[in-house]
Amino acid sequence: MDLKEKAIASLKKHASGDAFSRLPAALPKASVLIPLLLRHGKLHALLTVRSVNLKHHAGEVCFPGGKSESGDTDETHTALREAEEEIGLPSHTVQVICKLFPVLNKAGLLITPVVAFIESSFKPRPNADEVSEVFTLPLEFFTKEADHSCYPVPSVFGPTHSFMYTDPRTGHIHQIWGLTAALAVTVAALALGKKPEFELGFDLDDPASAFRDVLNRRLSKL
Ligand SMILES: Nc1ncnc2c1ncn2[C@@H]1O[C@H](COP(=O)(O)O)[C@@H](OP(=O)(O)O)[C@H]1O
Ligand SMILES: CCC(=O)SCCNC(=O)CCNC(=O)[C@H](O)C(C)(C)COP(=O)(O)O
Ligand SMILES: [Mg+2]
């Protein structure tokens with residue numbers, strides 16, 4: 001099996017399917033697309049920098065995504081629609097792999113991560129109202145200690161991860177932290193089948209129970 005097939009097989013084992021379909025329907029929903037691609041023989045992930053003019057998370061690094069709209073058929077539709085709106089990613093070129101367990105953020109928004117492969121030749125067209133920059137980086141970056149630190153503040157799993165990534169193409173330094181870092185670390189560990197050099201916060205052999213526990217703990221506090 002090549003790198004991409006291995007990643008797909010491994011990620012599919014952790015698909016949440018409809019395991020969370022009985023959650024309160026009234027919860028506001030959002031989706032993020034975690035776009036993976038092959039570049040120079042390695043798995044990469046695509047991230048965006050949010051416009052400084054946005055009301056929420058201005059200037060922060062995040063995956064393409066956003067809130068569910070009434071016309072969306074499901075969480076995957078939301079992720080693909082948002083990615084098309086924000087970075088001009090044509091939905092029909094995307095190979096959706098799976099949905100992971102949703103995460104409930106502090107604002108009570110239920111966020112479903114959708115993992116997908118995109119074409120290596122994809123050229124982003126950022127919508128300047130929402131996205132100021134798009135960059136890709138090797139997925140294994142999120143398994144290394146070198147540019148990683150931890151804040152002793154609880155995030156999705158364990159402490160809050162933070163990474164400083166210097167994009168060799170632009171020289172820009174990007175901080176990736178909080179929810180986005182937690183999702184990136186999770187997908188890197190699952191897709192590469194590799195334990196990070198720092199504490200992951202869940203058992204790589206059985207992430208589904210950790211994801212379910214986190215969600216149930218958050219839901220019980222609603
Ligand atoms: N054309 C536009 N110009 C400015 N802001 C926009 C916009 N389209 C969407 N937004 C805002 O961008 C944020 C992200 O949208 P989305 O969920 O579609 O990704 C939302 O704000 P809030 O985060 O304040 O709700 C939304 O209102
Ligand atoms: C949970 C809060 C944090 O972790 S803040 C830390 C760094 N910022 C992020 O990880 C961005 C988190 N926010 C998003 O990904 C999006 O705002 C969203 C998916 C929650 C909603 O999308 P929208 O585009 O409507 O803001
Ligand atoms: Mg958005």
Side-chain angles (χ1 to χ4, degrees), residues 16 20 23 27-36 45-89 91 94 99-116 118 124-135 137 139 141-142 147-165 172-188 201 211 214-215 217-219 221-222:
S16 61
F20 50 91
L23 291 175
L27 279 180
K29 294 191 172 62
S31 295
V32 291
L33 187 74
I34 305 184
L36 303 180
L46 179 148
L47 285 160
T48 72
V49 182
R50 295 168 69 86
S51 160
V52 290
N53 300 318
L54 286 179
K55 227 188 294 161
H56 298 106
H57 305 289
E60 292 178 6
V61 172
C62 72
F63 289 107
K67 293 166 200 78
S68 170
E69 289 180 3
S70 55
D72 295 349
T73 49
D74 58 16
E75 295 85 358
T76 302
H77 185 177
T78 305
L80 294 175
R81 177 186 53 70
E82 287 285 343
E84 191 143 14
E85 285 172 14
E86 293 182 354
I87 58 169
L89 177 67
S91 297
V94 178
K99 287 186 285 186
L100 297 177
F101 259 80
V103 173
L104 196 58
N105 76 358
K106 288 203 179 75
L109 191 61
L110 189 69
I111 305 161
T112 300
V114 177
V115 191
I118 62 169
R125 283 181 292 107
N127 169 353
D129 288 332
E130 297 191 52
V131 173
S132 64
E133 196 171 336
V134 177
F135 64 99
L137 74 175
L139 202 54
F141 175 81
F142 293 111
D147 299 295
H148 167 262
S149 52
C150 261
Y151 301 128
V153 178
S155 177
V156 185
F157 307 108
T160 299
H161 296 288
S162 170
F163 296 87
M164 298 304 274
Y165 178 68
H172 294 177
I173 298 171
H174 300 290
Q175 184 184 23
I176 305 150
W177 66 285
L179 173 70
T180 303
L183 295 178
V185 165
T186 302
V187 169
F211 299 163
V214 167
L215 184 60
R217 234 185 354 259
R218 289 282 297 119
L219 284 169
K221 287 185 189 147
L222 280 186

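When a ligand or atom number is given, it counts from 1 through the structure's own listing order. The structure displayed is predicted, hence computed values, not measured ones.
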Are any of the N or O atoms of [X] closer than 3.5 Å to those of ligand 1?
X: Glu69; value: no
X: Glu85; value: no
X: Arg50; value: no
X: Gly65; value: yes

Write out the residue and atom name of the closest protein heavy atom to [atom], then the distance separating them to 0.1 Å.
atom: atom 5 (N) of ligand 1; answer: Leu54 CD2, 4.1 Å
atom: atom 13 (N) of ligand 2; answer: His57 CD2, 3.5 Å
atom: atom 18 (O) of ligand 1; answer: Glu82 OE2, 2.9 Å
atom: atom 20 (C) of ligand 1; answer: Lys67 NZ, 4.3 Å
atom: atom 15 (O) of ligand 2; answer: Cys62 CB, 3.7 Å
atom: atom 8 (N) of ligand 1; answer: Glu130 OE2, 3.3 Å
atom: atom 3 (N) of ligand 1; answer: Asp129 CB, 3.4 Å
atom: atom 3 (C) of ligand 2; answer: Leu179 N, 3.8 Å

Practice item. Specify side chain, backbone, both or neither for Trp177, according to which of its non-hydrogen atoms lie closer than 4.0 Å to ligand 2. Key: both
Point to revise | Ile111 contact mode with ligand 2 (heavy-atom cut-off under 4.0 Å) | key: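 Under 4.0 Å from ligand 2, Ile111 contributes side-chain atoms alone.
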Less than 4.0 Å between [atom] and some protein heavy atom, yes or no?
atom: atom 1 (N) of ligand 1; answer: yes
atom: atom 14 (C) of ligand 1; answer: yes
atom: atom 18 (C) of ligand 2; answer: no

Between [Y] and [X], is there a side-chain heavy-atom distance shorter than 4.5 Å?
X: Leu179; Y: Asn105; result: no
X: Leu215; Y: Pro102; result: yes
X: His174; Y: Val49; result: yes
X: Cys150; Y: His161; result: yes
X: Leu104; Y: Leu27; result: yes
X: Val32; Y: Pro113; result: yes
X: Cys62; Y: Thr48; result: yes

Within the structure, does [X] bring an N/O atom to less than 3.5 angstrom of an N/O atom in ligand 2?
X: Lys67; value: yes
X: Thr180; value: yes
X: Glu60; value: yes
X: Gly178; value: no

Practice item. Assess Ala30 for proximity to ligand 1: is some non-hydrogen atom of it under 4.0 Å away? Key: no
Exercise for review: Measuring from the Mg ion (ligand 3), count protein N/O/S atoms under 2.8 Å, please.
Suggested key: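 Protein N, O or S neighbours of the Mg ion (ligand 3) under 2.8 Å, waters not counted, come to 2.
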Check your understanding: Nearest to atom 22 (O) of ligand 2 by heavy atom, Ala58, Pro64, Gly66: which?
Key -> Gly66
Review point. Backbone, side chain, both or neither: what part of Asn127 comes under 4.0 angstrom of ligand 1, heavy atoms only?
Key: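 Looking at Asn127 and ligand 1, no heavy atom falls under 4.0 Å.
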Practice item. Check each heavy atom of His57 against ligand 1 and say whether those closer than 4.0 Å belong to the side chain, the backbone, both or neither. Key: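 Neither; nothing of His57 gets under 4.0 Å from ligand 1.
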Rounded to the nearest 0.5 Å, how far apart are [atom1] of [X] and [atom2] of [Y]?
X: Thr78; Y: Ile111; atom1: OG1; atom2: CD1; result: 12.5 Å
X: Asp72; Y: Arg81; atom1: CG; atom2: CZ; result: 4.0 Å
X: Gln175; Y: Thr180; atom1: CD; atom2: OG1; result: 11.0 Å
X: Met164; Y: Ile176; atom1: CE; atom2: CD1; result: 9.0 Å
X: Asp74; Y: Thr112; atom1: CG; atom2: OG1; result: 9.5 Å
X: Asp147; Y: Leu137; atom1: CG; atom2: CG; result: 10.5 Å

Study note, to complete from the structure: If we number the atoms of ligand 1 from 1 as shown, the ones under 4.0 Å from a heavy atom of Glu86 are 19 (O)
Practice item. Go through ligand 1 atom by atom and flag the ones less than 4.0 Å from a non-hydrogen atom of His56. Key: 22 (P), 23 (O), 24 (O), 25 (O)
**Study point:** Whether Tyr165 and Phe135 hold their rings parallel, tilted or perpendicular, with breakpoints at 30° and 60°
**Key:** parallel
Practice item. Tell me yes or no: between the side chains of Ser68 and Glu75, is some donor less than 3.5 Å from an acceptor? Key: no
Point to revise | Where Leu183 and Phe63 come nearest, the two heavy atoms and their spacing | key: CB-CE1, 4.0 Å
Review point. With a 4.0 Å cut-off on heavy atoms, is Arg50 touching ligand 2?
Key: yes
Exercise for review: Check each atom of ligand 2 against the heavy atoms of Val32 and keep those under 4.0 Å away; list them by number with element.
Suggested key: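 This gives 19 (C) as the contact atoms.
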